[in-house]
Amino acid sequence: MEKNKAAKTPQTRGSFSGRIGYVLAMAGSAVGLGNIWRFPYLAAKYGGGIFLLVYLVLVVTFGYTLLVSETALGRMTKKSPVGAFQRFGNTKALRFGGWINAIIPMLIVPYYSVIGGWVLKYLFEYVKGNAAVLAQDGYFTTFIGSSATVEFWFLAFSALVFLTILAGVENGVERVSKILMPLLIILAVFVAAYSVSRPGALEGVKYFLVPNFKDFSLMTIVAAMGQMFYSLSIAMGILYTYGSYLGKDVDIEKSTMQIEVFDTGIALLAGLMIIPAVFAFSGGDMDTLQAGPSLTFITLPKIFASMGFGTAVGIAFFLMFFFAALTSAISLLETCVSTLEDELHWKRGKCCILMAVVMFAMGTASSFGYGIWGGIRILGMQILDFFDFITNSIMMPIAAITTCFLILKVVGLDKIDEEMELSSGFKRKHLYHFFMKYMAPACIVAILLSSIASALGWISM
Ligand code: PFF
């Protein structure tokens, strides 16, 4: 059966050159907007050190379980999500599971690239020496309201993503990650060191790192769980796809741990860049810290402008932010293109053209959604916010449930063990089984219900 399918595929499947290439590409996927703007403000909002502690526990347990599951299924089947699910049968449930995992990145990559365009625009302005302009009141709102400008930067960012994908898995995705990820770490360490050394910043470091149990609430767990999904690129088909490019000799257990360390390390550094700087700037005002997404595009430029070397720090920060967004967008688009290659049996170039049309249409809608199409509301949300909500809050938990269903009810845990044991001793097998059977389904349902409750306004997140 495998042979038949392979014969229908027009070219041989791409692959990573080895473990380092895979780990850096997957770390490139995981480290993204989520680490840099989402993690710091959630940590600030949901208890600082205690949020961090809960987050770390979830990453090494629940997160580890889902990462291993998707990667092992991808490598076992050598297919992107749709093919991976259908390898085990052609029932309605399996078709649904495959397609929901595959459609999520198709919905995310257009709006993610619009935000990537915002980052590119800010980087460009810093390089031009316009740090003071970016810090002006109302700059961000005026910018995202200028539809033609936003569209231009969205297209510029998307062009870079497509060029990488067209170059292939090893020459494009892997090579770009191998160059950008080490640079990203250097920039992150530099900006974090600068931020924590500002006068008054130490209070922020303490709030961020030292757990205080009185700041704990149920929402700490719910928010940490949602963030873990987002940050590790779980339930969006990426791990299936990257797993399918993985050699049978690559140790999935070890690679998964390294990806987790990378992703969490950058999230920690992002917290150290942002929380202490905001503490120093605002004198510890919690409202400023909890401003949410606007923290990065509104508050930070003000902070950079008010401190020494603002332009240099601004360039370093937005360059790092740009690298993070670019490598994540690459992984999202690679998953879409790979699904189309597997399912339509078209050449990569033709699949890229189809995705370019999808991305142009949906990305333009998101670009214009804060400007000339500002009047349009879907479920009361602006277009970009709607895509973000429907994917992250509704579809991703459902996609994760389908993966649990596939493993527990169809494939069987023993088959996953076999796949893992091809390349490692699978030391955390018992933890994996426990989480897969008892914790993962319950945690995922909790995420889904809390997202719906929050959307309906029953709880505030
Ligand atoms: N894990 C990446 C990030 O943290 O930004 C990629 C990503 C996550 C993209 C979630 C999109 C998304 F909805």
Side-chain angles (χ1 to χ4, degrees), residues 23-43 55 58-59 63 66-67 70-71 100-119 157-158 161 164 173 176-177 180-181 184 188 223-242 256 259-271 274 293 296 320-336 359 362-363 366 381 383-400 447-448 451:
V23 169
L24 288 177
M26 201 45 232
S29 169
V31 174
L33 301 173
N35 300 60
I36 296 164
W37 67 256
R38 209 168 182 266
F39 182 83
Y41 87 76
L42 284 178
Y55 182 79
L58 286 171
V59 165
L66 292 175
L67 285 173
E70 295 191 12
T71 314
I100 190 164
N101 277 276
I103 286 171
I104 291 169
M106 296 181 190
L107 295 178
I108 293 178
V109 69
Y111 84 77
Y112 201 83
S113 300
V114 171
I115 303 176
W118 300 352
V119 177
F157 182 89
S158 306
V161 181
T164 312
V173 179
V176 167
S177 310
L180 297 190
M181 294 317 284
L184 187 146
M225 214 146 53
Q227 171 61 14
M228 190 211 68
F229 250 73
Y230 195 102
S231 191
L232 290 173
S233 296
I234 291 168
M236 53 186 96
I238 294 173
L239 286 143
Y240 282 93
T241 306
Y242 277 21
T256 301
I259 293 160
E260 286 181 328
V261 169
F262 213 120
D263 187 63
T264 309
I266 298 291
L268 277 172
L269 282 174
I274 294 173
T296 323
M320 178 207 59
F321 201 11
F322 165 60
F323 290 166
L326 183 64
T327 47
S328 295
I330 288 170
S331 71
L332 288 160
L333 186 63
E334 177 60 40
T335 303
C336 305
M359 214 157 138
M362 290 175 50
S366 291
M381 286 174 248
I383 300 170
L384 190 152
D385 299 309
F386 170 74
F387 283 131
D388 187 56
F389 166 77
I390 195 80
T391 49
N392 283 287
S393 303
I394 309 291
M395 294 174 77
M396 277 158 56
I398 296 176
I447 297 179
L448 182 63
S451 301

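We count ligands from 1, going down the list as the structure has it; atoms in each ligand are counted the same way. Atoms considered below: every heavy atom in the structure, side chains included; atoms not considered: hydrogens, waters and symmetry mates.
Met362 contributes atom CE, which lies 10.0 Å from atom OH of Tyr111 (distance to the nearest 0.5 angstrom). Rounding to the nearest 0.5 Å gives a distance of 10.5 Å between CG of Leu24 and CG of Leu180. Rounded to the nearest 0.5 angstrom, Glu70 CD and Thr241 OG1 are separated by 9.5 Å. Here the OG1 atom belonging to Thr256 is positioned 8.0 Å from the CG atom belonging to Leu239, to the nearest 0.5 angstrom. Rounding to the nearest 0.5 angstrom, the gap separating the OG atom in Ser231 from the CZ atom in Phe39 is 8.0 Å. Put simply, CD1 on Ile330 and CD1 on Ile238 are 11.5 Å apart, with the number rounded to the nearest 0.5 Å.
Backbone and side-chain nitrogen or oxygen atoms of Leu33 are examined, and one is located within less than 3.5 angstrom of a nitrogen or oxygen of ligand 1. Residue-to-ligand polar distances place Ser233 within reach of ligand 1: an N/O pair is separated by less than 3.5 Å. For the pair Tyr230 and ligand 1, the shortest N or O to N or O distance falls below 3.5 Å. Close N/O approach between Ala30 and ligand 1 is found [any backbone or side-chain N/O within under 3.5 Å]. Considering backbone and side-chain atoms alike, Thr391 places every N or O at 3.5 Å or more from each N or O of ligand 1.
Heavy-atom proximity to Tyr112, at under 4.0 Å, picks out these atoms of ligand 1: 2 (C), 3 (C), 5 (O), 6 (C), 7 (C), 9 (C), 11 (C). Under a 4.0 Å criterion applied to the non-hydrogen atoms of Ser328, ligand 1 contributes the atoms 2 (C), 6 (C).
Here atom 10 (C) of ligand 1 lies nearest to Met236 when heavy atoms of Met396, Met236, Met395 are compared. With distances taken over non-hydrogen atoms, the option nearest atom 6 (C) of ligand 1 out of Gly34, Ser29, Ala324, Gly32 is Ser29.
Heavy atoms of Tyr111 approach ligand 1 to within less than 4.0 angstrom.
Under the 3.5 Å distance criterion, with hydrogens and angles disregarded, no donor-acceptor pair is assigned to the side chains of Asn392 and Tyr230.
Of all the heavy atoms of Asn392, the ones lying under 4.0 Å from any atom of ligand 1 belong exclusively to the side chain.
Scanning the protein heavy atoms around atom 11 (C) of ligand 1, the nearest turns out to be Ile108 CG2, 3.4 Å.
Using a 4.5 Å heavy-atom cutoff, the side chains of Ser331 and Met236 are not in contact.
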